[in-house]
Amino acid sequence: MEVVIAQDAEEIGRLVTDAIETLVGHVPDAVLGLATGSSPLVIYAEVARRVQAGRFSLARCRGFTLDEYVGLPPKHPELYRTVIEREMVVPTDIRTEYVQSPDGGAVDLVAACAAYEAAMVDAGGVDLQILGIGTDGHVGFNEPGSSLGSRTRVKTLTEQTRRDNARFFGGDLSAVPTQAVTQGIGTILDSRHLVLVAMGAAKAEAVHHLVEGPISAMWPATALQLHPHVTVLVDEEAGGRLQWGRYYREAFEAKPDWQGL
Ligand code: F6R
């Protein structure tokens with residue numbers, strides 16, 4: 001696991017976009033794993049800026065979103081599909097029909113989850129998966145106690161997650177769905193490169209567990225320690241509880257440029 005302590009969110013956005021640009025340079029039809037929430041927005045903004053400047057194109061790429069609320073009406077502004085359309089599809093040249101999302105509105109959610117897993121396999125798997133982390137240590141919506149081998153399925157959100165996300169719903173906790181369809185931890189670990197980003201002091205405890213804690217279903221993000229290619233990018237605040245922070249900085253500074261993330 002590589003840990004990058006960046007100066008600010010903008011540097012995180014630039015570094016992750018560098019990795020996407022390099023990937024797409026080698027693999028123009030790369031498969032991107034797209035998280036939602038506030039953390040990846042700085043990445044999507046930088047990707048959009050470079051695509052609009054003609055530096056690279058996502059026209060042949062495919063995308064799979066990480067999770068989706070259950071029970072929100074179609075076109076709801078906080079439906080994760082709507083968010084990805086707004087933040088990634090519209091401002092770049094990735095084609096909307098090439099981006100798939102779990103169907104949180106399906107009548108048969110179990111079948112929809114199985115179909116989503118199959119679609120990811122059909123696409124050849126995800127090349128680069130962008131992830132955020134919840135204050136309770138979730139990735140995707142794999143809340144504490146999630147099986148570390150889990151696949152796409154319905155999960156009930158913790159009250160902490162619903163409180164954290166109430167800001168997207170005008171501060172109204174009752175408006176935040178109680179369930180979501182999420183890729184499982186096992187699904188996420190199938191991606192070839194995992195890129196997790198975290199900003200702000202509220203994430204410091206979860207980031208500490210993710211990087212330095214023992215692997216435990218009670219901090220689901222710790223399962224990433226099992227993956228051979230993980231990059232964790234944090235700002236100073238989110239990295240504020242890392243015990244080996246100095247070493248992570250030294251290692252990143254010593255890294256040759258050609259290696260990328
Ligand atoms: C979003 C997702 C969640 C978020 C996490 C952090 O698709 O799967 O795991 O990444 O809740 O959210 P933010 O970035 O809003 O703090």
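Remember, it's 1-based here, ligands and their atoms both numbered in the order they're listed.
- Side-chain atoms of Arg162 come within 3.5 Å of backbone atoms of Pro177 as a donor-acceptor pair (strictly under, hydrogens ignored).
- Ligand 1 is approached by Arg167 to a heavy-atom distance shorter than 4.0 Å.
- Distances shorter than 4.0 angstrom do not occur between any heavy atom of Met199 and any atom of ligand 1.
- We find the CH2-CD1 distance between Trp244 and Ile5 to be 13.0 Å, quoted to the nearest 0.5 Å.
- Within 6.0 Å of OH in Tyr98 there are 12 or fewer heavy atoms belonging to other residues, nucleotides or ligands.
- For the residues Ser38, Ala221, Ala35, the heavy atom positioned nearest atom 15 (O) of ligand 1 is part of Ser38.
- Taking 4.0 Å as the cut-off between side-chain N and carboxylate O, Glu143 and Lys155 do not count as a salt-bridged pair.
- Close approach of ligand 1 to Leu66 is summarised as follows: ligand atoms under 4.0 Å from at least one heavy atom of the residue are 8 (O).
- Atom 5 (C) of ligand 1 has as its closest protein heavy atom His138 NE2, 3.4 Å.
- Scanning the protein heavy atoms around atom 14 (O) of ligand 1, the nearest turns out to be Ser39 OG, 2.5 Å.
- No side-chain N or O of Gln183 forms a donor-acceptor pair with one of Thr152 less than 3.5 Å apart.
- A distance below 6.0 Å separates the ring centres of Phe169 and Tyr69.
- Ranking protein heavy atoms by distance to atom 10 (O) of ligand 1, first place goes to Gly132 CA, 3.3 Å.
- Within the 3.5 Å criterion, the main-chain N or O of Gly184 finds no donor-acceptor partner in the side chain of Thr182.
- Here's the thing with Thr36: one of its N/O atoms is less than 3.5 angstrom from an N/O atom of ligand 1.
- The protein atom (non-hydrogen) at minimum distance from atom 6 (C) of ligand 1 is Ile133 O, 3.4 Å.
- Scanning the protein for heavy atoms near atom 2 (C) of ligand 1, the closest one is Asp67 OD2, 3.2 Å.
- Remark: ligand 1 and Gly140 share an N or O pair separated by less than 3.5 Å (distance only, no angle test).
- Crowding of Glu97 atom CD: a count of heavy atoms from other residues, nucleotides or ligands under 6.0 Å exceeding 12.
- Scanning the protein heavy atoms around atom 16 (O) of ligand 1, the nearest turns out to be Lys203 NZ, 2.7 Å.
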